[in-house]
Amino acid sequence: MSDFDAIVVGAGNAGSSAAIYMANKGLNVLLVDRADPPGAKNLSGGVLWGNDLAQILPKWQSEAPLERFINNKKLGFLTEKSSFMLDFKTQIFEENKVGYTVLRSKFDPWLAKKAKEAGALVIPGITVESLAIKDRKVIGIVESGDTITADVTLLAEGVNARLAIEAGLKRPLRDSDVSLGIKEIIKLSPQKIEDRFNLKNNSGVASEYILGFLGELNVGGFLYTNKDSISLGVVVPMENLRENGVTHSYDLIEMFKEHPSIAPLIEGGQVAEYGAHLIPEGGLEMMPKLYGNGYMILGDAAGFAFSNGLVLQGMNYAILSGIKAAETAVEAKLRNNFSEQSLSAYEEKLNSTYVLKDLKTFKDIRKVTNNPMMYNTYPKLLESIMLETLWERGQPKKKIRDVLSSCASNLNMGKIKTLKEFYYIYRRM
Amino acid sequence: MLRMAVMIKQVPDSQDITIDPVTKTLNRTQARNIVNPPDMNALEAALQLKDKYGGEITVITMGPPMADSALLECTSRGADKAVLVTDRVFAGADTWPTSFTLATTAEYLGGFDIIFCGEETTDSSTGHVGPGIAEFLGVEQATYIHSIDYQDPYFIVEREIEGAVETLKIGKPAVVTVVLNANNPRKPTLKRKIEAFRKGVITITNKELKLRPECVGLKGSPTVVKDMKTIVDKPKDTVKVGPEEIPKVVEVLTQRGILKC
Ligand SMILES: Cc1cc2nc3c(=O)[nH]c(=O)nc-3n(C[C@@H](O)[C@H](O)[C@H](O)COP(=O)(O)OP(=O)(O)OC[C@H]3O[C@@H](n4cnc5c(N)ncnc54)[C@H](O)[C@@H]3O)c2cc1C
Ligand SMILES: Cc1cc2nc3c(=O)[nH]c(=O)nc-3n(C[C@H](O)[C@H](O)[C@H](O)COP(=O)(O)OP(=O)(O)OC[C@H]3O[C@@H](n4cnc5c(N)ncnc54)[C@H](O)[C@@H]3O)c2cc1C
């Protein structure tokens with residue numbers, strides 16, 4: 001007889017969602033997290049798209065600690081002196097309200113509290129040391145020499161999945177699997193935020209940036225508004241950092257903050273928190289086998305996240321994979337069969353959701369997010385096109401066609417090569 | 001078998017307390033709540049006695065319902081029972097009703113051979129409550145102790161006084177207050193935490209204690225806070241020390257017994 005029906009390691013979005021679902025269905029669940037309160041040290045940008053959360057917590061919009069709903073999405077290309085922004089604002093987001101900024105240090109403890117209310121035993125402040133394995137089956141977890149057993153163990157331990165890796169259930173991370181995200185939370189009064197970003201009530205803006213002023217570095221930036229703070233950060237592929245010998249990655253966020261189009265937005269703000277975290281971007285390449293005898297792997301630990309330069313999502317993937325793993329565990333309990341074969345239903349379920357569909361559709365997306373053209377060339381190209389067309393310098397005007405080709409040749413870009421590269425990126429996005 | 005109690009208070013983590021630059025008042029809202037640090041040493045002292053002589057440890061706190069997490073921290077480390085004394089009428093207590101209510105709770109629970117307290121709290125630091133409990137119960141006490149042993153019917157305790165260590169023999173039952181860093185508090189384990197969280201805490205209100213409302217809480221508090229001022233520390237004259245001087249700094253610190261070489 002096991003101590004629990006299910007043990008969940010990690011009270012991030014994936015783990016707490018799984019625990020809520022299983023506890024609601026009457027399973028005896030243990031949810032363990034190393035932080036106290038649970039999940040308090042987790043980090044996201046973070047815009048949460050809540051469709052999946054609604055499956056387990058239908059009243060999330062009124063109960064969760066949410067910051068601002070997104071009704072304005074921006075995409076910016078920055079060069080040293082210019083910024084080119086696409087600005088999309090819509091009443092449709094306003095009417096639906098499913099994208100919200102959240103602060104994980106508040107959101108995660110709340111989600112874990114919901115797991116407790118659903119009946120799970122939630123234990124914070126404990127780092128699980130290893131998996132207990134017997135006869136090639138995961139039978140639970142080990143801490144301080146004690147083994148706590150369960151019929152099934154759900155590994156929701158985040159991107160650097162030490163337990164899964166040490167048990168040989170997942171290969172160690174490679175540089176090409178991850179990007180490094182560095183983030184600050186900058187305190188600013190709600191009044192200033194609303195004035196500077198043209199917001200009202202609880203509306204908010206989420207902006208992504210391509211940073212075209214950092215030489216060979218392929219750096220993306222983000223800036224999201226919270227109630228009384230701004231979340232701002234940079235994301236850079238690990239192998240690109242390594243290739244360029246960058247050791248002071250923190251300088252990158254400083255350079256982003258000092259950019260002439262960013263500095264005025266955060267002026268007078270106080271940095272309240274900062275942190276760095278890896279983001280799984282290796283997609284199918286890095287995905288481990290998702291299940292086996294007595295275990296399943298979910299969320300970031302399984303590599304479930306999506307980024308294409310326009311959006312960066314992981315929380316929703318974590319939640320949905322948590323729900324699907326939990327469904328599988330509940331069904332396995334009914335069959336009283338937690339074998340590899342029985343738990344294979346988890347992957348089948350994921351196959352019919354966007355989680356695995358997206359990973360398959362965008363299997364080459366890293367070639368876009370780590371493409372030097374995207375960062376070093378396009379922002380400059382856009383800048384020179386804008387200057388050619390919008391800046392009156394007492395010169396005869398050119399047709400757009402000629403503007404394009406002269407700008408491209410100024411940047412030493414062959415027409416054919418440029419078109420080919422553009423088509424290459426376009427196909428993969 | 002020793003019947004032991006440990007009195008603990010939940011306090012805001014002083015590392016998280018900031019001073020609002022505008023109002024100049026303490027901002028506790030961001031602060032995490034922790035167990036008053038010397039109370040952890042008091043608990044560890046009790047656990048060590050239990051390891052040696054056997055016994056049962058009850059941790060007790062008077063505070064709001066959310067103080068249950070502080071109690072669970074203690075049962076997760078090996079205390080056997082957790083008691084939360086909570087009631088609206090107990091709110092706003094100064095050290096007199098706090099000591100009185102806690103002493104009454106100890107009696108209500110059947111009395112203890114020894115009650116452990118911390119030396120003082122980090123959020124009010126009066127150091128009154130331990131001695132107060134001893135006075136209300138009319139038992140022997142020793143304050144600011146750093147070690148304790150048991151020789152029935154006595155407790156042998158050590159306390160540091162200026163330039164010497166004093167060893168006292170006090171009769172059972174007794175109240176002791178333990179200094180910060182007296183020992184190395186053990187860490188909770190998952191197995192103990194699971195047991196502790198499953199057991200939960202026992203809540204005691206004034207329905208059980210039946211204390212007269214005018215003797216507890218704000219009403220029972222003889223002290224009145226008339227005014228509060230924030231004093232801004234002037235920066236001390238600082239001396240710049242270069243790397244050449246490091247050996248000298250080490251020498252001075254070693255002489256004063258702060259560093260061991
Ligand atoms: C702004 C402010 C002003 C205050 N002004 C006064 C005042 O003027 N006069 C006054 O008497 N008090 C005052 N108090 C303090 C008061 O209410 C105390 O918090 C309470 O009476 C306990 O005293 P203490 O924290 O100093 O405990 P101490 O006596 O320093 O604590 C010693 C030990 O007693 C135990 N202990 C203390 N409190 C508890 C508890 N609640 N439950 C279980 N064990 C406990 C712990 O083991 C602790 O380590 C004030 C508090 C605040 C925040
Ligand atoms: C800079 C940045 C920006 C991002 N922006 C967004 C965004 O805007 N929108 C979005 O949807 N996603 C975003 N993401 C991605 C998102 O944060 C992750 O995909 C998501 O957090 C994954 O959730 P998870 O539950 O799988 O893992 P995590 O949230 O990492 O949770 C793992 C949990 O496991 C615990 N744990 C780990 N090991 C142990 C152990 N041995 N014992 C006990 N507990 C353990 C940890 O304490 C933690 O609570 C961003 C990520 C970064 C880094």
Side-chain angles (χ1 to χ4, degrees), chain A residues 2-4 7-11 19 28-41 65 103 105-106 109 112-113 115-116 119-132 140-150 153 163 185 187 189 228-229 268-273, chain B residues 8 10-24 26-37 39-40 43-44 47 51 59 64-79 82 184-201:
Chain A
S2 305
D3 298 326
F4 293 90
I7 293 177
V8 185
V9 181
N28 180 11
V29 179
L30 172 68
L31 172 62
V32 190
D33 196 85
R34 68 176 161 218
D36 186 5
K41 289 181 191 142
L103 293 169
S105 58
K106 292 186 193 159
K113 200 179 89 203
K116 186 179 166 195
L121 182 62
V122 182
I123 303 283
I126 291 286
T127 302
V128 176
E129 282 154 17
S130 61
L131 294 176
I141 55 177
V142 180
E143 198 271 344
S144 298
D146 300 319
T147 299
I148 313 292
T149 59
T153 302
L163 300 186
I185 295 175
K187 283 268 173 202
S189 73
D228 62 354
S229 65
Q270 294 247 350
V271 177
E273 275 176 47
Chain B
I8 63 143
Q10 190 176 51
V11 296
D13 190 345
S14 51
Q15 288 175 356
D16 297 341
I17 296 180
T18 50
I19 296 182
D20 189 310
V22 184
T23 61
K24 300 269 183 262
L26 294 183
N27 180 4
R28 299 165 182 243
T29 52
Q30 297 294 316
R32 240 164 56 94
N33 289 314
I34 57 167
V35 177
N36 180 45
D39 301 358
M40 278 301 181
L43 172 67
E44 179 59 33
L47 288 167
D51 291 344
V59 278
M66 67 162 191
D68 59 353
S69 59
L71 291 169
L72 293 176
E73 278 290 302
C74 300
T75 42
S76 297
R77 285 172 166 81
N184 231 335
R186 65 195 66 183
K187 295 250 173 320
T189 69
L190 177 58
K191 198 166 172 221
R192 285 224 184 85
K193 269 202 158 172
I194 290 172
E195 286 163 15
F197 276 61
R198 277 197 171 144
K199 250 195 236 168
V201 306

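Sequence lines set the chain letters: A, B, ... in the order given, protein chains first and strands last, and positions in each chain run from 1.
Proximity to chain A involves both the backbone and the side chain of I194(B), based on heavy atoms less than 4.5 angstrom apart. Both the backbone and the side chain of D36(A) come within contact range of chain B, with heavy atoms under 4.5 Å apart. For V122(A), the part lying under 4.5 angstrom from a heavy atom of chain B is the backbone only.
In terms of heavy-atom pairs under 4.5 Å with chain B, the best-connected choice from G145(A), A40(A), P37(A), P124(A) is P124(A).
The residue from D146(A), T147(A), I148(A) that alone fulfils the side chain to side chain contact (heavy atoms under 4.5 Å, CB included) condition with I141(A) is I148(A). Results of the side chain to side chain contact (heavy atoms under 4.5 Å, CB included) test with V35(B) over E73(B), R77(B), Q10(B) single out E73(B) as the only residue that passes.
With salt bridges taken as basic N to acidic carboxylate O contacts below 4.0 Å, one links R186(B) and E44(B).
At distances below 3.5 Å, not a single donor-acceptor pair connects side-chain atoms of D13(B) with backbone N or O atoms of A31(B).
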